[in-house]
Q: 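One structure follows; several queries about it will come next.
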2 protein chains.
Amino acid sequence: MVRVGLTPDRLTRAGAELADEVGFDHVTVSALARRFGVKVASLYSHVKNSQDLKTRIALFALEELADRAADAVAGRAGRDALIAFADTYRDYAREHPGRYDAARLRLDPETAAASAGVRHAQMTRAILRGYDLTEPDQTHAVRMLGSVFHGYVSLEMAGGFSHTAVDPQESWSWIVDSLDALLRARAAH
Amino acid sequence: MVRVGLTPDRLTRAGAELADEVGFDHVTVSALARRFGVKVASLYSHVKNSQDLKTRIALFALEELADRAADAVAGRAGRDALIAFADTYRDYAREHPGRYDAARLRLDPETAAASAGVRHAQMTRAILRGYDLTEPDQTHAVRMLGSVFHGYVSLEMAGGFSHTAVDPQESWSWIVDSLDALLRARAAH
DNA sequence: TGCAACTACCTAAAGGCTTTAGGCAAACCT
DNA sequence: AGGTTTGCCTAAAGCCTTTAGGTAGTTGCA
């Protein structure tokens, strides 16, 4: 018996890599056990069950993405911050499609409240501070930005933009530009 | 032996109902067989496999959604058409969450090309005609609208907006309004 | 109307994933 | 070194998928 050195953390990271390779919903306790050269049952000492494993991967991805976004936004404001923030999401999804899908897993309210998800919301609000919106417009705008970013990235990942000749990068820039203009137009003064 | 009268079509419709009740990714050949009081293997004479079943449900949902959207948009233009179109998506997702998820299933290119998905794109373009955009702006706008609608609906379904006091309906109206303004601002003349 | 052909549903079985229970041996602690 | 902890194991049950081959309703044609 060789003792590979499993821990919840190593399982989570390996699960994230596996997700990027085979897709988040093909991440299974069995596949992960195979990847470690270990019997399936062994993993159940480290994670509660399949759902638990997926949740851990989701939390990991949320954290990683929030870190990247924080880095990207640091020292920027207004339009520059918006672009950097938006690009972080899109780039992350292109680089780590499985992790990105994981980050979109439905978490139960308490888990979500304790997750890096709240940092995402905070960062979005921080960026919007540069646009001088009043409540409740700021909340509407938070929701709009989340919707566009998530929506675009998820449609692009699904191959929804591959049948036209128009470069997805151009559309992305056009959209982010448009949002910037929209938010400036909605400013309080 | 009683002969329930299974057909691919009945299975697809029942599958769509099942999806609304238990969620699209809990739709399984077994569950569907149970629902018809029939042995699992019997379904395999009517659908090729689990993937085939899900694809059929997806195509059905796309069709149903396209029909509703076409109805909603008929006789309207500009802002009115945009609102009606947007509301159709959101209402459909609220009324039929499982079917809505099904409609978002990744289809292989040929299947997608033969699906009602193309009607969705055509309708979006038709609505944008009211805003007088030039290419490639129109393509960018098609992608933006798709992103916002899909993104908002999917975040709302996931419960992403439930922790704030702000009414999701208000945010939705604000966003659609904003998009209308944005598109008018981008008009060619 | 009766029989042949078809077809709808069945039983059986194999393979995969999940999860729990209980066992052995490696690693740590004193 | 001895005892305890704990990491990985075997075994087994349950559910889902999918294929192969059988039986009995149903249909169509003479």
Side-chain angles (χ1 to χ4, degrees), chain A residues 1-61 97-99 101-102 105-108 111, chain B residues 1-60 98-99 101-102 105-108 111:
Chain A
M1 235 192 302
V2 196
R3 294 220 182 191
V4 190
L6 302 180
T7 64
D9 209 70
R10 286 193 64 197
L11 289 176
T12 304
R13 285 166 199 281
E17 285 164 25
L18 183 59
D20 286 336
E21 291 166 24
V22 304
F24 183 57
D25 34 46
H26 289 93
V27 170
T28 110
V29 181
S30 294
L32 203 51
R34 265 194 301 276
R35 166 169 286 234
F36 277 98
V38 141
K39 296 295 170 181
V40 196
S42 307
L43 299 210
Y44 284 83
S45 319
H46 305 282
V47 297
K48 257 214 308 290
N49 50 37
S50 186
Q51 184 56 42
D52 180 37
L53 172 64
K54 287 187 174 169
T55 302
R56 283 170 189 271
I57 297 173
L59 294 176
F60 172 76
R99 282 143 135 119
D101 272 346
L105 183 70
R106 280 167 212 191
L107 302 172
D108 57 286
T111 312
Chain B
M1 235 192 300
V2 196
R3 293 219 184 194
V4 189
L6 301 179
T7 63
D9 209 70
R10 285 193 65 197
L11 289 177
T12 303
R13 285 166 199 281
E17 285 165 25
L18 183 58
D20 286 336
E21 290 166 24
V22 303
F24 183 56
D25 35 44
H26 290 93
V27 170
T28 107
V29 181
S30 294
L32 203 51
R34 266 194 299 277
R35 166 169 287 233
F36 277 100
V38 140
K39 296 294 170 179
V40 195
S42 307
L43 299 211
Y44 284 83
S45 319
H46 304 283
V47 297
K48 257 213 308 291
N49 51 37
S50 186
Q51 185 56 43
D52 180 38
L53 172 64
K54 287 187 174 171
T55 302
R56 283 169 189 271
I57 297 173
L59 294 175
F60 172 76
R99 283 146 136 121
D101 272 346
L105 183 69
R106 280 167 211 189
L107 302 173
D108 57 285
T111 312

Q: On the nucleotide dC9(C), are OP1 or OP2 found under 4.0 Å from the side-chain N or O atoms that His46(B) carries?
A: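 Checking dC9(C) against His46(B), a side-chain N or O does come within under 4.0 Å of OP1 or OP2.
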Q: Do Leu59(B) and Thr111(B) have side chains that approach each other closer than 4.5 Å (heavy atoms only, starting at C-beta)?
A: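 In short, these two side chains touch, coming nearer than 4.5 Å.
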Q: In the structure I gave you, are the side-chain heavy atoms of Leu18(B) and Arg35(B) within less than 4.5 Å of one another anywhere?
A: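 In contact.
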Q: Are OP1 or OP2 of dT17(D) and a side-chain N or O of Ser50(B) less than 4.0 angstrom apart?
A: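 Yes, Ser50(B) has a side-chain N/O under 4.0 Å of OP1/OP2 on dT17(D).
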Q: Does the side chain of Ser42(B) get closer than 4.0 angstrom to OP1 or OP2 of dC10(C) through an N or O atom?
A: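 Result: yes.
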Q: Using atom NE2 of His26(A) as one end and atom C1' of dG16(C) as the other, report the distance to the nearest whole Å.
A: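 Value for this atom pair: 13 Å.
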Q: Calculate the interatomic distance between Phe36(A) atom CZ and dG7(D) atom P; express it in whole Å.
A: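 It works out to 14 Å between those atoms.
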Q: Figure out the CZ/C1' separation between Arg10(B) and dA8(C), and round it to whole Å.
A: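 The distance from CZ of Arg10(B) to C1' of dA8(C) comes to 13 Å, rounded to the nearest Å.
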Q: Side chain of Arg3(A) only, heavy atoms from C-beta on: which candidate in dT20(C), dT7(C), dA25(C) is closest?
A: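 Ranking dT20(C), dT7(C), dA25(C) by closest atom to the Arg3(A) side chain puts dA25(C) first.
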Q: Can you tell me which nucleotide in dT18(D), dA11(D), dT18(C) comes closest to the side chain of Asn49(B)?
A: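 Minimum distance to the Asn49(B) side chain belongs to dT18(D).
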Q: Would you indicate what Val4(B) reaches in the nucleic acid, counting non-hydrogen atoms under 4.0 angstrom: base, sugar-phosphate, or nothing?
A: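 Since only primed, P, OP1 and OP2 atoms lie under 4.0 Å of Val4(B), the category is sugar-phosphate.
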Q: Report the distance from atom CG of Leu53(B) to atom P of dT18(D), rounded to the nearest whole Å.
A: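 In whole Å, dT18(D) P and Leu53(B) CG are 10 Å from each other.
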Q: Should Arg34(A) be listed as having a side-chain N or O under 4.0 Å from OP1 or OP2 of dC17(C)?
A: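 Yes.
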Q: Could you tell me whether Ser30(A) contacts a base, only the sugar-phosphate backbone, or nothing, with contacts defined as non-hydrogen atoms closer than 4.0 Å?
A: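 Base: the residue Ser30(A), judged by heavy atoms under 4.0 Å, touches a nucleobase.
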Q: Take atom OH of Tyr44(A) and atom C1' of dT6(D), then tell me their distance rounded to the nearest Å.
A: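 My rounded result for the distance is 19 Å.
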Q: Evaluate the side chain to side chain contact (heavy atoms under 4.5 Å, CB included) criterion for residues Leu105(B) and Thr55(B): first the C-alpha distance (whole Å), next the side-chain angles of each, then the deciding distance (0.1 Å), finally the verdict.
A: CA-CA 8 Å; Leu105(B) 183 69; Thr55(B) 302; 4.3 Å; yes
Q: For the pair made of NZ in Lys39(A) and P in dG16(C), what is the distance, rounded to whole Å?
A: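 Answer to the nearest Å: 12 Å.
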Q: Between atom CG in Leu32(B) and atom P in dT17(D), what is the gap in whole Å?
A: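 Taking CG of Leu32(B) and P of dT17(D), I get 10 Å after rounding.
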Q: Could you check which of dA26(C), dT18(D), dT19(C) has an atom nearest any side-chain atom of Val40(B)?
A: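 Minimum distance to the Val40(B) side chain belongs to dT18(D).
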Q: My understanding is that only one of Val27(B), Ile57(B), Leu53(B) makes a side-chain contact (heavy atoms from CB on, under 4.5 Å) with Leu32(B); could you say which?
A: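 Per the side-chain contact (heavy atoms from CB on, under 4.5 Å) rule, the option paired with Leu32(B) is Leu53(B), out of Val27(B), Ile57(B), Leu53(B).
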Q: Between dC15(D) and Thr28(B), is there an OP1 or OP2 to side-chain N/O distance shorter than 4.0 Å?
A: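 For dC15(D), OP1/OP2 do not have a side-chain N/O of Thr28(B) under 4.0 Å.
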Q: In this structure, how many angstroms lie between the P atom of dT19(D) and the CD atom of Gln51(B), rounded?
A: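 Rounded to whole Å, this separation is 13 Å.
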Q: Is Ala31(B) touching bases, backbone alone, or none of the nucleic acid, heavy atoms closer than 4.0 Å?
A: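 No contact.
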Q: Closer than 4.0 angstrom, basic N to acidic O: yes or no for Asp25(B) and Arg106(A)?
A: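 Salt bridge flag = no for Arg106(A) with Asp25(B).
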